[in-house]
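Report on the following structure.
Residue numbering restarts at 1 for every chain, and letters A, B, ... go by the order of the sequence lines. All values below come from the heavy atoms of this structure, side chains included, with hydrogens, waters and symmetry mates left out. These numbers come from a predicted model, not from an experiment.
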Amino acid sequence: MSTEKLPTRSENFSEWYNQVILRAEMADYSPVRGTMVVRPYGWTLWENIKDALDRRFKETGHVNAAFPLFIPMSFLEKEKEHVEGFSPELAVVTIGGGEKLEEPLVVRPTSETIIGYMYSKWIKSYRDLPVLINQWANVVRWEMRTRLFLRTMEFYWQEGHTAHATEAEAREETLRMLDVYTDFAINEAAVPVIPGRKSETEKFAGAVESYTIEAMMGDTRALQSGTSHFLGQNFAKAFDIQYLDTSNTLQYCWTTSWGLSTRFIGAIIMTHGDDQGLVMPPRLAPLQVVIVPIYRSDEERAKVMPVADQVFQALKGFRVKLDDRTEVTPGFKFNDWELRGVPLRIEIGPRDVEKGVVTAARRDIPGKAGKTALPIEGLAAQVDELLKTIQSALLERATAFRDAHISEPADYDGLKEAVKDGWVYVWWCGSKECEAKIKEDTRATTRCIPMNQPGGTGRCIHCGGEAHEKVYIARAY
RNA sequence: CGGGGUGUAGCGCAGUUGGCAGCGCACCGCGUUUGGGACGCGGGGGUCGGCGGUUCAAGUCCGCCCACCCCGACCA
């Protein structure tokens, strides 16, 4: 690890972001441009994200399966909008075993097509529905500009694919999974997100409606952090996913898909991180507690270490580590674990041992202000309490930051000014022209039309025409 | 693809007029240290991005190529 100070977020946010990932050993660049290695510390965070989501998927009746990486090129071409949307970013295999292939194979950029093909084989009757399958997988999109976690050519995600008998049921599923993502983001990651519908131009290639959870990063830019799509009968028609209903009539299914990727790790980093480094939400943190013993002499060491061990044993119910390295000083360890964002640090020195306490240092409150002495007696319960406090403090802080950077400008000039450093929440007539002009003028895009609408009508922020919905507009990643 | 930049030890860099390839950090060993990024001594580590040319001699000069980074049009 480098001993140099991180760049601060205010002086260079994107450099801060890169540095913090590399130094905290979340990920590293790999030899192929645009791809990354997710290192154990980053992957553990992903595993915790997976567990929290997977539990929710199971609770809502879904099962996991695995579909192949390779997809026949012709499959992509079956859905017109889908292929148009994805063809510029496809990786295609044309040679296998030294022979030119009869038909090129696409490395999946997403799996609607191959899953649609399989569903058409499996679904015969209304009795087979609904089909509620999720897969945890990697996908490949040939991106031009890449960033660690936010946009890499290969990334890891989950993609849920469901098929239903009725439109209402499929729409309900789409929104249910949007709720699952919202609940996960807020209650597990402490990332306050705004659920909403994507505009026509921003929606998924092949979807009827796309929904998103949008989060505000520490530089006020927006990050699409998860998506849920109502696919209508588009893929059902392209892949002949049909069933016989109760009156023996052949019907097309209604399908959905929904995904959340390793990009979410970027959301956690950029939502909670500070100038010392990462700040992990306790519920997802790879390490929740780190214990740092402090001693000067062998005698002190002999007094401190048994207590440190005892505390370590007492906290086994948490994701805990005893940092007993002898080659670095406690001061170094403090900085090291702060960089890695461990929510709670427990310092144990001779003075603490003397008094039968440990010193707990909260990651979310730097320096002396975040330190308190905790009696060793009943420590686990207090640690549990502190971690919960930190979890909710992170959510509160991020929510306050977000709300402080959302404004409702009265006119178009006000919008142009406001999107330089925040989001705007404004009436929009819904026209592509207004949306395009705003993007051209400001580089900001419509992020989502939130589910919670104020009701009534207003005047479009751009053209002044009648508007029925309000929209968030912001510069986005 | 357009514009700008950089390639020398794992990382960050220096290398003058062409003349023994260096510094800091990291790494290894020994000792002293340890409540907010310790220090001393000793050590290991190089196809100077690649190919070609000029020259007695090229990291340095010339040509071509390659890779990566940053800024713009597409994207979870």
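- Computed from coordinates, the A:Ile213 CD1 to B:A76 P distance equals 14 Å when rounded to whole Å.
- Shown here, B:C1 forms a base pair with B:G72; the pair counts as Watson-Crick or G-U wobble because both key distances fall under 3.5 Å.
- Pairing partner, B:C27: B:G43, with both Watson-Crick or wobble hydrogen-bond distances short of 3.5 Å.
- Where A:Leu150 and A:Gly34 meet RNA chain B, the nucleotide closest to each residue was compared, and A:Gly34 sits on the side nearer the 5' end.
- Atom CG in A:Asp298 sits roughly 12 Å away from atom C1' in B:U32 (whole-Å rounding).
- Here the side chain of A:Arg340 pairs no donor or acceptor atom with the backbone of A:Tyr41 at under 3.5 angstrom.
- At whole-Å resolution of the value, OH in A:Tyr181 and C1' in B:A76 are 11 Å apart.
- Judged by atom type and distance alone, A:Arg345 reaches the base of B:G36 through a side-chain donor-acceptor pair under 3.5 Å.
- No engagement by A:Leu223 is indicated, since no non-hydrogen atom pair under 4.0 Å with the nucleic acid exists.
- We find that CD of A:Glu25 is positioned 15 Å from P of B:A26, with the value rounded to whole Å.
- A:Glu300 comes within 4.0 angstrom of nothing in the nucleic acid, heavy atoms only.
- Nucleotides B:G18 and B:U55 have their P atoms positioned 16 Å apart, rounded to a whole Å.
- Nucleic acid contact class of A:Arg147 (heavy atoms, under 4.0 Å, all strands): none.
- Nearer to the 5' terminus of RNA chain B, by closest-nucleotide assignment, is the contact made by A:Arg325 (compared with the other of A:Phe149 and A:Arg325).
- A donor-acceptor contact shorter than 3.5 Å links the side chain of A:Ser210 to the backbone of A:Phe204.
- With B:G37, B:A76, B:U34 as the candidates, the nucleotide lying closest to the side chain of A:Phe332 is B:G37.
- One atom, CD of A:Glu143, and another, C1' of B:A73, lie 14 Å apart when rounded to the nearest Å.
- Base engagement by A:Glu347 is indicated by at least one non-hydrogen atom pair under 4.0 Å involving a base atom.
- Of the candidates B:G35, B:C74, B:G72, B:G72 carries the atom nearest the A:Arg443 side chain, counting heavy atoms from C-beta on.
- No contact: A:Phe204 has no heavy atom under 4.0 Å from any strand.
- Using a 4.0 Å cut-off on heavy atoms, none of the residues of residues 264-288 of chain A approach RNA chain B.
- Taking the P atom of each, B:G42 and B:C51 are spaced 37 Å apart, rounded to whole Å.
- No side-chain N or O of A:Asp219 forms a donor-acceptor pair with one of A:Tyr17 less than 3.5 Å apart.
- The residues A:Lys333 and A:Glu347 are annotated as not salt-bridged, no charged nitrogen and carboxylate oxygen being separated by less than 4.0 angstrom.
- Across the P atoms, B:A14 and B:G36 are found 36 Å apart, a figure rounded to whole Å.
- B:A67 is paired with B:U6 under the criterion used here, namely a Watson-Crick or G-U wobble arrangement in which both key atom distances are under 3.5 Å.
- The shortest side-chain heavy-atom distance between A:Tyr181 and A:Thr227 does not fall under the 4.5 Å cut-off.
- The interatomic distance linking A:Glu327 (CD) with B:G31 (P) rounds to 15 Å, in whole Å.
- With P as the reference atom, B:U16 and B:C62 are 14 Å apart, rounded to whole Å.
- Both distances falling under 3.5 Å, in either a Watson-Crick or a G-U wobble arrangement, place B:U32 opposite B:A38.
- Residue A:Thr152 is in base contact, counting any heavy-atom pair closer than 4.0 Å across all strands shown.
- Comparing B:C74, B:A76, B:G37 against the side chain of A:Lys439 picks out B:C74 as the nearest.
- A side-chain donor-acceptor contact under 3.5 Å links A:Arg141 to the backbone of A:Pro109.
- B:C20 and B:G35 have their P atoms separated by 46 Å, with the value rounded to a whole Å.
- B:G29 sits 40 Å from B:A67 when the P atoms are compared, rounded to a whole Å.
- The C1' atoms of B:G49 and B:C68 are separated by 10 Å, rounded to the nearest whole Å.
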Residues A:Lys303, A:Glu299; criterion salt bridge (Lys or Arg N to Asp or Glu O under 4.0 Å); working and verdict: CA-CA 6 Å; A:Lys303 279 187 210 155; A:Glu299 299 93 273; over 6 Å; no
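- In this structure, the ring of A:Phe75 has its center less than 6.0 angstrom from the ring center of A:Tyr117.
- Between A:Asn12 atom CG and B:C71 atom P the separation is 9 Å, expressed in whole Å.
- Checked by atom type, the side-chain pair A:Ser257/A:Glu112 shows a donor-acceptor distance below 3.5 Å.
- A distance of 6.0 Å or more separates the ring centres of A:His161 and A:Phe235.
- Using a 4.0 Å cut-off on heavy atoms, the residues of residues 348-376 of chain A that approach RNA chain B are A:Gly349, A:Pro350, A:Arg351, A:Asp352, A:Thr359, A:Lys371, listed by number.
- Residues meeting the salt bridge (charged side-chain N to carboxylate O under 4.0 Å, His left out) test with A:Asp324, sequence neighbours left out: none.
- To the nearest whole angstrom, the two C1' atoms, one in B:C28 and one in B:G44, are 7 Å apart.
- Searching all strands for a Watson-Crick or G-U wobble partner of B:C56 with both distances below 3.5 Å returns B:G19.
- What separates CD of A:Gln19 from C1' of B:C11 is a distance of 10 Å, to the nearest Å.
- Taking side-chain N and O atoms only, A:Thr329 has no distance below 4.0 Å to OP1 or OP2 of B:G37.
- Taking 4.0 Å as the cut-off between side-chain N and carboxylate O, A:Asp183 and A:Arg56 count as a salt-bridged pair.
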